[in-house]
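In this chain, residues are counted from 1 in sequence order.
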Amino acid sequence: MYPFTARPFRTSRLDLLPLRPGHADEMAVVLSDPALHTFIGGTPDTPQDLRARYTRMTAGSPDPAVSWLNWVIRLREESCLTGTVQATVTPSGHGHTAEIAWVVGTGWQGRGIATEAARGLVAWLEEQRVRHLIAHIHPDHRASAAVAGAAGLTPTDHEQDGETRWQRIVRR
């Protein structure tokens, strides 16, 4: 189990598939709306840029104690990719901590996909015995805050780079 490895899992409507460089062409279309960068900055990546980034990401962290876990979100009913979820898992004082994030293309927003994927990711990480889950969310990004809340994370007073830390601590 350690280091952690992204494995496929399912929710009621979604397949979460380990990210591969071959997903870059379809994901470049999914992530092509500049509005997705309102809170994170930057601009949409080209398929070539995404392929290069996905190649680096799937190679894994250079730190053997850190696991980079990335999935694409596939909506089964439409047989298409709609976004991604990710977790960076690190050892901590009392188990493992995962920093999580999600993004769903604008064409699929408002359908509960991000919430379902984030809930599935949190459940999967808890099954892997991750004890502390963290997400960093821009204070004006209400949709992402709603996803975090629905996934069981709560906001804290801690801010980093203008974003609020949300967390969930798993008691065992």
Report summary line: Sequence neighbours excluded, the answer for ring-ring contact (aromatic ring centres under 6.0 Å, His included) partners of Trp71 is Phe9, Trp124

Query raised in the report: Mind checking whether Val85 and Tyr54 sit in one hydrophobic cluster, side chains of I, L, V, M, F, W, Y counted as touching below 4.5 Å?
Result: yes

Query - Min side-chain heavy-atom separation Thr106-Gln109 under 4.5 Å - result: yes

Query - NE2 on His141 to CD on Glu163, rounded to 0.5 Å - result: 9.5 Å

Below 3.5 Å, can you tabulate the donor-acceptor pairs from side chains in residues 150-157 to any protein atom, sequence neighbours excluded?
residue: Thr156; atom: OG1; partner: His158; partner atom: N; Å: 3.2
residue: Thr156; atom: OG1; partner: Arg165; partner atom: O; Å: 2.8

Report task. For residues Glu126 and Arg168, determine if any side-chain heavy atom of one lies less than 4.5 Å from a side-chain heavy atom of the other. Result -> yes

Report task. With side-chain contact (heavy atoms from CB on, under 4.5 Å) as the test, would you mind laying out the steps for His138 and Ser144 before giving the verdict? Result -> CA-CA 8 Å; His138 191 282; Ser144 199; over 6 Å; no

**Report entry** Distance, nearest 0.5 Å, that separates CG of Leu16 from CG of Leu69
**Finding:** 12.0 Å

Report task. Could you grab the distance from atom CZ of Arg51 to atom CZ of Arg20, nearest 0.5 Å is fine? Result -> 11.5 Å

Query raised in the report: Is the shortest heavy-atom distance from the side chain of Leu31 to the side chain of Pro44 under 4.5 Å?
Result: no

**Report entry** Heavy-atom check, side chain of Glu99 versus side chain of His136, under 4.5 Å
**Finding:** yes

Query raised in the report: Can a donor-acceptor pair be found between the side chains of Thr58 and Trp68 at a distance below 3.5 Å?
Result: no

Query raised in the report: Can you check whether Met27 reaches Thr84 side chain to side chain, under 4.5 Å on heavy atoms?
Result: yes

Requested in this report: Heavy atoms only: give me the nearest Pro62-Pro64 pair and the separation to one decimal.
Outcome: O-CD, 3.4 Å

Report task. In sequence, state the C-alpha distance, the side-chain angles, and the governing distance for His132 and His96, and then conclude on side-chain contact (heavy atoms from CB on, under 4.5 Å). Result -> CA-CA 7 Å; His132 189 205; His96 286 85; over 6 Å; no

Query raised in the report: If you round to the nearest 0.5 Å, how far is CD1 of Ile73 from CG of Leu19?
Result: 11.5 Å

Query raised in the report: Can you tell if the side chain of Thr88 reaches within under 4.5 Å of the side chain of Ile100, non-hydrogen atoms only?
Result: no

Query raised in the report: Any side-chain heavy atom of Phe39 within less than 4.5 Å of one from Asp140?
Result: yes

**Report entry** Val122 and Leu125: CA distance, side-chain angles, deciding distance, side-chain contact (heavy atoms from CB on, under 4.5 Å) verdict
**Finding:** CA-CA 5 Å; Val122 165; Leu125 289 165; 5.6 Å; no

Requested in this report: For Val30 and Leu36, work out which heavy atoms get closest and say how close.
Outcome: O-CD1, 4.1 Å

Report task. Find out whether Arg10 and Leu14 are in side-chain contact, i.e. whether some heavy atom of one side chain is under 4.5 Å from a heavy atom of the other. Result -> no

Query raised in the report: Should the heavy atoms of other residues, nucleotides or ligands under 6.0 Å from CD of Glu77 be counted, would the total exceed 12?
Result: no

**Report entry** Distance in Å, Ile137 CD1 paired with Arg142 CZ, rounded so as to fall on 0.5 Å steps
**Finding:** 13.5 Å

Query raised in the report: Okay, side chain of His37, backbone of Gly41: is any donor-acceptor separation there less than 3.5 Å?
Result: yes

Report task. Please check if the side chain of Arg76 supplies one atom and the backbone of Ser12 the other of a donor-acceptor pair under 3.5 Å. Result -> yes

Query - Joint cluster assignment, Ile134 & Trp166, ILVMFWY side-chain distance < 4.5 Å - result: no

Report summary line: Shortest non-hydrogen pair, Thr11 vs Gly120, comes out as CG2-CA, 3.9 Å

Query raised in the report: Passes side-chain contact (heavy atoms from CB on, under 4.5 Å), Trp102 versus Val147? Steps please.
Result: CA-CA 9 Å; Trp102 49 85; Val147 170; 3.5 Å; yes

Query raised in the report: CG of Leu81 to CG of Asp15: how many Å apart, nearest 0.5 Å?
Result: 10.0 Å

Query raised in the report: Ser79 and Arg74: side-chain donor and acceptor closer than 3.5 Å?
Result: yes

Query raised in the report: Looking only at heavy atoms, what is the nearest atom pair of Asp45 and Asp49, with distance?
Result: CB-CB, 4.0 Å

Query raised in the report: Of all heavy-atom pairs between Ala6 and Pro18, which one has the smallest distance, and what is that distance?
Result: O-CG, 3.5 Å

